[in-house]
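So the structure is just underneath, and the comments pick up after that.
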Amino acid sequence: MDLLPLFHNLNGRRCVMVGGGSVALRKIRPLMEVGAKVEIIAPEINTAITELSEKHSLNLHPLTLHKRKFNNDDLEGAALVIAATDDKQINKQVSEQAQKLNIPVNVVDQPELCSVVFPSIVDRSPVQIAISSGGTAPVLARMLRTRLESLIPSGYGYLAQLAGKFRQQVKEKITDANSRKAFWEDVFSGDISELVFSNKQGDAENKLQEKLDNQYAEQASALGEVYLVGGGPGDPDLLTFRALRLMQKADIVLYDRLVSKEVLSLVRRDAELVYVGKTAGDHPVTQDNINEKLVEFAQQGNRVLRLKGGDPFIFGRGGEEIAHLADNGIPFQVVPGITAASGCASYAGIPLTHRDHAQSVRFITGHQKDHKYDLNWSELVAPDQTLVFYMGLNGLETICQQLMSYGMDSTTPAALIEKGTTTRQRVFIGDLDTLPNKVREGGAKAPTLIIVGSVVSLHDQLSWFKE
Ligand SMILES: C[S@@+](CC[C@H](N)C(=O)[O-])C[C@H]1O[C@@H](n2cnc3c(N)ncnc32)[C@H](O)[C@@H]1O
């Protein structure tokens, strides 16, 4: 970060503007809006600025015009200086003198002479968002502003005012900082903010008062909640909006080995992270352990994020976890994620179904129990379907052999996708006969997914993701 963004209180303070043309005018308006006492110094001052100086408003300080050349003494006692002339020599003189006196200075369109820059502003006063490209790409900053303008309803300003009105009361009534944070998050993300956005300010205020009055009752029964969230196969762009919102809200995060570090980096910064991958060192965390932890953390009043790779309901044991929560009366919600089959297939250019190739798709566990498979192989070799094996890397050879021995053609196309959807993705293409060798030679490492069926032959034509 090169520049530190700060918000400058200029109310009632002297600001010197050197220059009296249209560029100066653009900068004068925001200065007047924040209550600065603006003095213009320029031999020529345009009519728009002169007219502005003649307008009197109760809230604003009048503009003072000095129709003459700038001299160094003009800067004494100024809180901010702006040079907006087309004379580079004068601009340089203003900048040097201001910096000598340690007065913040902005020279329009000459970033090298500035000690401060004007950002693009999204104004939802009292909420303000300032965007700067550090003088490198002002057009980009303005485009970003436009995007934010359309994303942030104008009601945010009123929401902040409402919060300001209740701030002291809330502070006195809810003394615990964490509970206070949860209270405000609830206000800003729940039905009170919706009332504000739909222009029902009075109702919003009543509801906020009511919420505060009932706070003790709410606190007494304070029970956390568990969010069972699918984090997708790896690429963070594949998260759902809801997943992201809950990730930003959670106090504690219990995550698995398959959650990519890019996805994990999107959880709330101050959330507590608890790794519960089943291969955690010498002391693997058992499923019972995880179930207990979820209940325990929620009973302490936390919002607990149970973050899983892929989709929590596909080979994710999500069902067992929420059954345990339900038994213990803990509220929960489930957010689906993109499962490895969808993610890997898309990123490998292999459609899982296709009118000419496969009319159904099966998701199968490739995990062996006591080195054996308990699968109905004769059903798996039925024609016109795609088979997707999760957790099948160690059993790849056996899977291929079993399919062939139950009658599937040895030339049936098959693929193995390693670390699908990530920048480290690798795709191995072969058939039932050749794939195991190719994968062994390539040294593939988990996580991997196996796809079997004639859809795999489409990879050559449809592959698009650069590995
Ligand atoms: C315990 S299962 C969890 C599946 C997860 N719930 C889902 O919906 O994708 C783990 C298996 O998912 C597959 N898997 C998950 N992420 C993957 C990825 N990025 N690339 C390839 N396979 C993946 C692998 O087969 C891995 O062994």
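One-based numbering along the sequence shown. First listed ligand is number 1; within each ligand, the first listed atom is number 1. Quick caveat, the model's predicted, so the values are computed rather than measured.
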Can you tell me if D176 uses its side chain to pair, donor with acceptor, with the backbone of S179 under 3.5 Å?
-> yes

Kindly indicate, with the supporting measurements, whether the criterion side-chain hydrogen bond (donor to acceptor under 3.5 Å, both in side chains) is fulfilled by D123 and S125.
-> CA-CA 5 Å; D123 188 7; S125 287; 2.5 Å; yes

Enumerate, atom names and distances included, each donor-acceptor pair closer than 3.5 Å involving a side-chain atom of residues 333-342, sequence neighbours excluded.
from: Q333; atom 1: OE1; to: R242; atom 2: NH1; distance (Å): 3.2
from: Q333; atom 1: NE2; to: E225; atom 2: OE2; distance (Å): 3.2
from: T339; atom 1: OG1; to: Y390; atom 2: OH; distance (Å): 2.5

Proximity of Y156 and F197 rings by center, below 6.0 Å = yes

Between Q110 and N91, does a side-chain hydrogen bond (donor to acceptor under 3.5 Å, both in side chains) hold up when you go through it step by step?
-> CA-CA 9 Å; Q110 285 188 265; N91 288 347; 3.0 Å; yes

For ligand 1, what are the residues with a heavy-atom contact below 4.0 Å?
-> P233, L258, G309, G310, D311, I314, F315, T339, A340, C344, Y390, M391, I417, K419, G420, P447, T448, L449

Please confirm whether Y255 and Y275 have ring centers closer than 6.0 angstrom.
-> yes

